[in-house]
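In what follows, residues are counted from 1 in the order of the sequence shown.
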Amino acid sequence: MQFTGDELGGKNQPMADLKSKARDFARQNFAATKVTVASDGKEIEIPWRGTKHAFFRKMSYETAIATTKLDQIIAHGTLAESVPDKKAHPEINATHYYDTPVVIRGKPLAMRFVV
């Protein structure tokens with residue numbers, strides 16, 4: 001999956017502005033949508049509160065740009081590992097980590113998402 005790096009207006013802007021644009025883009029385009037992971041057929045819901053947590057953390061330029069194709073990153077993900085729930089939440093069996101290879105401005109990266 002290719003990214004030009006200019007999907008949210010380019011790298012020459014303050015990170016706070018880029019992060020804000022990524023958050024708004026995710027809210028408008030992905031909140032309350034479902035995506036099927038092609039590799040295992042698992043249907044993943046993208047709730048707004050789930051994406052919201054990502055924007056409270058420190059975010060890299062690459063992660064902000066990748067937000068513009070979040071649905072495709074999920075659809076093309078491959079299960080990397082599953083970890084049993086350590087806090088014994090009754091509604092959680094395990095945490096699943098998926099990786100999707102991407103290229104941003106010619107730089108190959110692996111984007112990881114958590115379900």
Side-chain angles (χ1 to χ4, degrees):
M1 183 172 324
Q2 300 279 333
F3 295 86
T4 64
D6 295 323
E7 286 80 359
L8 294 171
K11 195 170 185 172
N12 296 330
Q13 60 185 310
M15 190 61 204
D17 292 348
L18 186 64
K19 191 173 175 179
S20 178
K21 288 178 184 179
R23 181 187 59 239
D24 292 345
F25 188 93
R27 180 183 298 147
Q28 293 170 3
N29 294 283
F30 304 121
T33 61
K34 293 182 181 181
V35 180
T36 300
V37 179
S39 65
D40 64 10
K42 187 172 285 200
E43 187 175 67
I44 308 296
E45 181 179 355
I46 307 173
W48 168 240
R49 65 184 163 86
T51 57
K52 179 175 67 172
H53 292 294
F55 295 102
F56 284 120
R57 297 183 181 144
K58 186 174 180 180
M59 178 178 282
S60 70
Y61 165 78
E62 291 81 8
T63 302
I65 294 301
T67 302
T68 63
K69 296 183 183 178
L70 180 60
D71 57 342
Q72 293 177 45
I73 288 173
I74 293 171
H76 292 94
T78 302
L79 183 63
E81 66 178 309
S82 293
V83 179
D85 179 42
K86 295 175 184 171
K87 295 183 180 179
H89 293 102
E91 70 281 2
I92 300 173
N93 293 327
T95 302
H96 306 288
Y97 297 88
Y98 288 81
D99 290 334
T100 304
V102 300
V103 177
I104 299 177
R105 289 190 181 232
K107 179 180 175 184
L109 300 165
M111 291 311 235
R112 177 162 277 196
F113 63 95
V114 180
V115 178

Residues that Y98 engages under ring pair (Phe, Tyr, Trp, His ring centres under 6.0 Å), provided they are two or more places apart: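 With sequence neighbours excluded, Y98 shows a ring pair (Phe, Tyr, Trp, His ring centres under 6.0 Å) to F113, given in chain and number order.
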Student check: side-chain heavy atoms of I65 and L18 closer than 4.5 Å: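 When only atoms from C-beta onward are counted, L18 and I65 do touch, with a gap below 4.5 Å.
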Specify the closest pair of heavy atoms between [X] and [Y], including all atoms of both residues, with the distance to one decimal.
| X | Y | value |
| --- | --- | --- |
| Q2 | K69 | O-NZ, 2.6 Å |
| A22 | A64 | CB-O, 3.7 Å |
| L70 | I46 | CD2-CG2, 4.1 Å |
| L79 | S39 | N-OG, 4.4 Å |
| E62 | M111 | O-CE, 3.5 Å |
| P47 | E45 | CD-O, 3.0 Å |

Y61-V103 co-clustered via ILVMFWY side chain contacts under 4.5 Å: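 No; V103 is not reachable from Y61 via cluster members.
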Shared hydrophobic cluster for I92 and V115 (ILVMFWY, side-chain gaps under 4.5 Å):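 I92 and V115: separate clusters.
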S60 OG to L109 CG distance, which is reported to the nearest 0.5 Å: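 Going from OG on S60 over to CG on L109, the span is 8.0 Å.
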Value rounded to 0.5 Å, distance of CD in E7 from OG1 in T67: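 Rounded to the nearest 0.5 Å, the CD-OG1 separation comes out at 10.5 Å.
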Salt bridge (charged side-chain N to carboxylate O under 4.0 Å, His left out) involving D6 - partner list, sequence neighbours excluded: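 D6 satisfies salt bridge (charged side-chain N to carboxylate O under 4.0 Å, His left out) with R105 once adjacent residues are dropped.
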Working for side chain to side chain contact (heavy atoms under 4.5 Å, CB included), residues L8 and D17: CA-CA 10 Å; L8 294 171; D17 292 348; over 6 Å; no
Residue from T63, T100, D99 passing side-chain hydrogen bond (donor to acceptor under 3.5 Å, both in side chains) with R112: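 Among T63, T100, D99, the one meeting side-chain hydrogen bond (donor to acceptor under 3.5 Å, both in side chains) with R112 is D99.
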Donor-acceptor contact below 3.5 Å, side chain Y97 vs main chain V83: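 No, because the side chain of Y97 does not come within donor-acceptor range (under 3.5 Å) of the backbone of V83.
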Worked check of side chain to side chain contact (heavy atoms under 4.5 Å, CB included) between V37 and I74: CA-CA 6 Å; V37 179; I74 293 171; 4.0 Å; yes
